[in-house]
Amino acid sequence: MKINEVSKKFSVAADTLRYWERVGAIPAVSRDQAGYRNYDQEDLNWVSFAMCMRDAGVSVEYLIDHISLFKQGKQTVQARKDLLNEQLASVSERLAKMQASYDKLKYKVDHYEHIDKDYQGKIASTH
């Protein structure tokens with residue numbers, strides 16, 4: 001799959017994909033005889049992983065560290081697991097904060113709904 005197809009599939013700019021590959025946030029993508037990137041299923045899995053992590057607020061630096069460890073082989077499994085656990089804890093904290101913000105906003109919206117209904121009721125009763 002060519003980079004433009006991958007870009008469309010994941011709704012990510014081709015420049016972002018090139019950048020991630022250049023800095024090591026995803027492993028190097030194989031190239032065809034003309035030098036164009038040719039993403040296979042494994043490459044797509046790495047892009048999907050990177051997208052998921054970025055959507056969760058994980059830094060590019062983390063992705064670089066993870067890929068670096070991955071390239072070192074099975075002896076880094078525990079280190080990669082530790083990195084993932086750190087990110088999981090961080091995402092969990094952000095999720096809790098987002099939930100608290102959501103709850104507060106929902107309360108405010110519900111409060112205004114109640115005020116609006118009371119106000120509409122008062123207008124109706126005066127006519």
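As the structure is a computational prediction, the values presented were derived from the model and not from experiment.
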Residue pair Arg54, Leu63: steps toward the side chain to side chain contact (heavy atoms under 4.5 Å, CB included) verdict = CA-CA 9 Å; Arg54 295 295 293 141; Leu63 291 171; 3.8 Å; yes
request  = Decide yes or no on side chain to side chain contact (heavy atoms under 4.5 Å, CB included) for Phe49 and His66, but give the supporting numbers first.
outcome  = CA-CA 11 Å; Phe49 175 74; His66 185 82; 3.8 Å; yes
query = Tyr39: what forms a ring pair (Phe, Tyr, Trp, His ring centres under 6.0 Å) with it, not counting sequence neighbours?
reply = none
request  = To the nearest 0.5 Å, tell me how far Ser101 OG sits from Arg94 CZ.
outcome  = 13.5 Å
Considering all heavy atoms, the nearest Ile67-Pro27 contact = CD1-CD, 3.8 Å
ask   = Which pair of heavy atoms, one from Val60 and one from Val23, lies closest together, and at what distance?
value = CG1-CG2, 4.1 Å
inquiry  = For Gln87 and Leu84: C-alpha separation, side-chain torsions, deciding distance, then whether side chain to side chain contact (heavy atoms under 4.5 Å, CB included) applies.
reply    = CA-CA 5 Å; Gln87 294 307 312; Leu84 287 170; 5.6 Å; no
inquiry  = Between Met51 and Val47, does the side chain to side chain contact (heavy atoms under 4.5 Å, CB included) criterion hold? Intermediate values first, please.
reply    = CA-CA 6 Å; Met51 290 293 302; Val47 171; 4.2 Å; yes
key: Selection residues 19-37 - residue pairs positive for salt bridge (Lys or Arg N to Asp or Glu O under 4.0 Å), sequence neighbours left out   = Lys2-Asp32, Glu21-Arg37
What residues form a side chain to side chain donor-acceptor pair (under 3.5 Å) with [X], not counting sequence neighbours?
{"X": "Ser68", "result": "none"}
{"X": "Ser30", "result": "none"}
{"X": "Asn85", "result": "none"}

inquiry  = Does atom CD (Gln72) have a neighbourhood of more than 12 heavy atoms from anything else shown, all under 6.0 Å?
reply    = yes
key: Trp46 and its ring-ring contact (aromatic ring centres under 6.0 Å, His included) partner, picked from Phe10, Phe70, Trp20   = Phe70
query = Considering residues at least two apart in sequence or located in another chain, which fulfil the salt bridge (charged side-chain N to carboxylate O under 4.0 Å, His left out) criterion with Lys106?
reply = Asp110
ask   = Any side-chain heavy-atom pair from Tyr19 and Ile26 closer than 4.5 angstrom?
value = no
key: Any donor-acceptor pair under 3.5 Å from Thr76 side chain to Ala79 backbone   = no
